[in-house]
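We name chains A, B, ... by the order of the sequence lines, and we start the count at 1 in each one. Fair warning: this is a prediction, and the values are worked out from it, not measured in the lab.
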2 protein chains.
Amino acid sequence: MAKIRSSADEAFLAEYDPRAFPPVAVTADVVALTIRDGQLCVLLVRRARPPEAGLWALPGSFLRTEGAEPETLENAAARALAVKTGLTGLRAAGIHLEQLRTYGDPGRDPRMAVVSVAYVAFAPALPEPAAGTGVAQAAWLPVSTLGLPEPGLPEGATVPETTLAFDHARIVADAVERARSKIEYTALAAAFAGPQFTLAGLRRVYEAVWSIELHASNFARKVLASPGFVEPAGSLETSSARGGRPAELYRAGAGTLLQPAILRPRRAKS
Amino acid sequence: MAKIRSSADEAFLAEYDPRAFPPVAVTADVVALTIRDGQLCVLLVRRARPPEAGLWALPGSFLRTEGAEPETLENAAARALAVKTGLTGLRAAGIHLEQLRTYGDPGRDPRMAVVSVAYVAFAPALPEPAAGTGVAQAAWLPVSTLGLPEPGLPEGATVPETTLAFDHARIVADAVERARSKIEYTALAAAFAGPQFTLAGLRRVYEAVWSIELHASNFARKVLASPGFVEPAGSLETSSARGGRPAELYRAGAGTLLQPAILRPRRAKS
DNA sequence: GGAATAGTGTCTGTCAGACAGTATCGC
DNA sequence: GCGATACTGTCTGACAGACACTATTCC
């Protein structure tokens, strides 16, 4: 461990022996998002132990760097999901997992300096999670009930009081903003909608993520005008809810980038 | 330091004592970008010591987590620029510094597990850098000479052979892509152009970052149609290079988000 | 038939690309 | 005058928003 050294020694040694520096813990935290009952939900775990025991938090895990097989940050994120919530095989199932950003403000964890690399996972309706290691409870919670701060807070900004542990409310807010932006220009929304869906179902995904209502006809026109986004499944929806013409069923197309994009309405008229 | 423990003990302790885990070094690395002689350039340092001695690398610094004032990742990035290249006061000068992403693949540093949080800085023409601690040389190098890989490589992907140390070529590629995307919908390009500039000068910034040619007339129309992007400085350029009507001078406007955006041409016509 | 939902057609406004034409300099 | 650069005007096509209209179901 680090002895007391002069500042000059420290700067010199930095190039040669990173172990001379005070330790930092690195975690991978996952913001798993899905749509349930028309609401955008995030997968949270209730912490069983201090610090922040009893509060909802993101599933996370410390990065394993030694041993037979050191892991990538992305693998640590997938492992955190499996260990904390019982959701396994996400990578094999093709669930999209991407890096969000990294949070390392001093004091964000009372134990020591902790740098958290946050990941976002986008998933269609998944099974109920199970409480894993160190977890009292695991559940999908609607993001609208969490009182999230504005996304994009600068580093060092004080995070408003919330019901989530550490600075996880801020991380969830950034993840939701990523999802809102990502469904504009990628075919990601189809991943939320499941194997087969109607245009109305896909529209409800956009409406849930963006928290707005969309014009059904214009939406359908734009989706069908984006080659590779959806392709007809060849059958009709069975027994629509409260009458009405049955909708055609679609499945996700081969494309990943939408051209043209499905842009959300921009306010900001001068 | 960590003793040998069973896997179950390890998982249990993870919640209580992060120090029981093997140490990870965290660095903040900076990709500083600027335009020099019509070329997009990145600030690199030639490493004076092993590992990778003699190779060009990004200026970086290990995160300080203990002592009187633990620092944020962003402050560590600014400190790295100052210590390694002598460029100080960037934050005070309003230089834009934003987090890019985090790189933590096992084996990316031969010494130990190193997680690097990369930052991007966008700057107008800056003074020549000076070689700092552990650095043999510091210089602005055109990105076109570096043989960068495609941006957006997934985690764990093997980085092609380059002239840069570690996986820094990949980081620079991601930073350039960020800059290319960022000048579309923010007024960032004005930051490259300096305090006063002509529309042609601003256009050359876009052309350098995007590596394409733009139609001068359409470009001017789009820039002037984006409120808050530029405002006339009230004077004309003095002594244009090879004759021709002198161009009007502009300065950066108050806006930061461009509405409408200055979109780069999309190829991808079916 | 009436209500409800699905889907099509059309009009209008915004913006990008192309390009012709005008303005103003150095030589 | 001539070339070079700066800037303006106009046409066309792509796309978004609004909305009228038709189609098909349940009640």
Colleague: Determine the contact category for B:A200: base if any of its heavy atoms lies under 4.0 Å from a base atom, sugar-phosphate if only primed atoms, P, OP1 or OP2 are that close, otherwise nothing.
Modeller: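 The answer is sugar-phosphate, as B:A200 gets under 4.0 Å only of primed atoms, P, OP1 or OP2.
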Colleague: In this structure, how many angstroms lie between the C1' atom of C:dT5 and the CG atom of A:L249, rounded?
Modeller: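 The distance from CG of A:L249 to C1' of C:dT5 comes to 15 Å, rounded to the nearest Å.
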Colleague: Check B:E155 with B:R101, please: is the shortest side-chain N to carboxylate O separation under 4.0 Å?
Modeller: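 Looking at B:R101 and B:E155, the cut-off is met.
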Colleague: I want to verify a distance call: between D:dT5, C:dT5, D:dT25, whose nearest atom is closest to the B:R245 side chain?
Modeller: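 Closest nucleotide among those given: D:dT5.
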Colleague: Between D:dA16 atom C1' and A:L258 atom CG, what is the distance in whole Å?
Modeller: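 The distance from CG of A:L258 to C1' of D:dA16 comes to 16 Å, rounded to the nearest Å.
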Colleague: Have a look at B:E248 and tell me which of B:V230, B:L199, B:T198, B:L236 forms a side-chain contact (heavy atoms from CB on, under 4.5 Å) with it.
Modeller: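 Testing each of B:V230, B:L199, B:T198, B:L236 against B:E248, the sole residue satisfying side-chain contact (heavy atoms from CB on, under 4.5 Å) is B:L236.
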Colleague: Measure from the side chain of B:K222, starting at C-beta and using heavy atoms only, and say which of D:dT8, C:dA16, D:dG17 lies closest.
Modeller: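 From the listed options, C:dA16 comes nearest.
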Colleague: Measure from NE2 on A:H215 to P on D:dC19 and round the result to the nearest Å.
Modeller: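 Computing the A:H215:NE2 to D:dC19:P distance gives 7 Å.
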Colleague: Please tell me which of B:N218 and B:T198 maps to the more 5' nucleotide of DNA chain D, matching each residue to the nucleotide holding its nearest heavy atom.
Modeller: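 Nearest nucleotide further toward 5': that of B:T198.
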Colleague: Could you tell me how far apart A:I262 (CD1) and D:dA16 (C1') are, to the nearest whole angstrom?
Modeller: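 From A:I262 CD1 to D:dA16 C1': 11 Å.
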Colleague: Look at the side chain of A:R221 and decide which nucleotide, out of D:dA16, C:dA20, C:dA6, has an atom nearest to it.
Modeller: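 From the listed options, D:dA16 comes nearest.
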Colleague: Taking only Lys NZ, Arg NE, NH1 and NH2, and the carboxylate oxygens of Asp or Glu, determine whether A:E177 and A:R264 approach each other closer than 4.0 Å.
Modeller: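 The answer is yes: the pair qualifies as a salt bridge.
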Colleague: Using whole Å, report how far CG of A:L214 lies from C1' of C:dA6.
Modeller: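 So the two atoms are 16 Å apart, to the nearest Å.
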Colleague: Output the single nucleotide from C:dC15, D:dT10, C:dG9 whose closest atom is nearest the side chain of B:P260.
Modeller: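 So the nucleotide nearest the side chain must be C:dC15.
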Colleague: Looking only at side-chain atoms of B:R203, point me to the closest of D:dC19, D:dG9, D:dA6.
Modeller: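 Out of D:dC19, D:dG9, D:dA6, the nucleotide with an atom closest to B:R203's side chain is D:dA6.
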Colleague: Between A:D29 and A:A118, is there a donor-acceptor pair closer than 3.5 Å when you use the side chain of the first and the backbone of the second?
Modeller: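 No, the answer is negative, given that no donor and acceptor are paired below the 3.5 Å cut-off.
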Colleague: Does the Lys NZ or Arg CZ of A:R204 fall within the cation-pi geometry relative to A:Y206 - under 6.0 Å from the ring centre and within 45° of the axis?
Modeller: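 Verdict for A:Y206: no cation-pi partner in A:R204.
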Colleague: Closest approach to the side chain of A:P246, judged atom by atom: which nucleotide of C:dT8, D:dT24, D:dC7 is it?
Modeller: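 It is D:dT24.
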Colleague: Nearest-Å distance, CD (A:E248) to P (C:dG7)?
Modeller: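 My rounded result for the distance is 6 Å.
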Colleague: Rounded to whole angstroms, how far apart are CG on A:L263 and P on C:dT14?
Modeller: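 Whole-Å distance recorded here is 17 Å.
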Colleague: C:dC15 P sits how many Å from B:L224 CG, rounded?
Modeller: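 For the pair B:L224 CG and C:dC15 P, the rounded distance is 14 Å.
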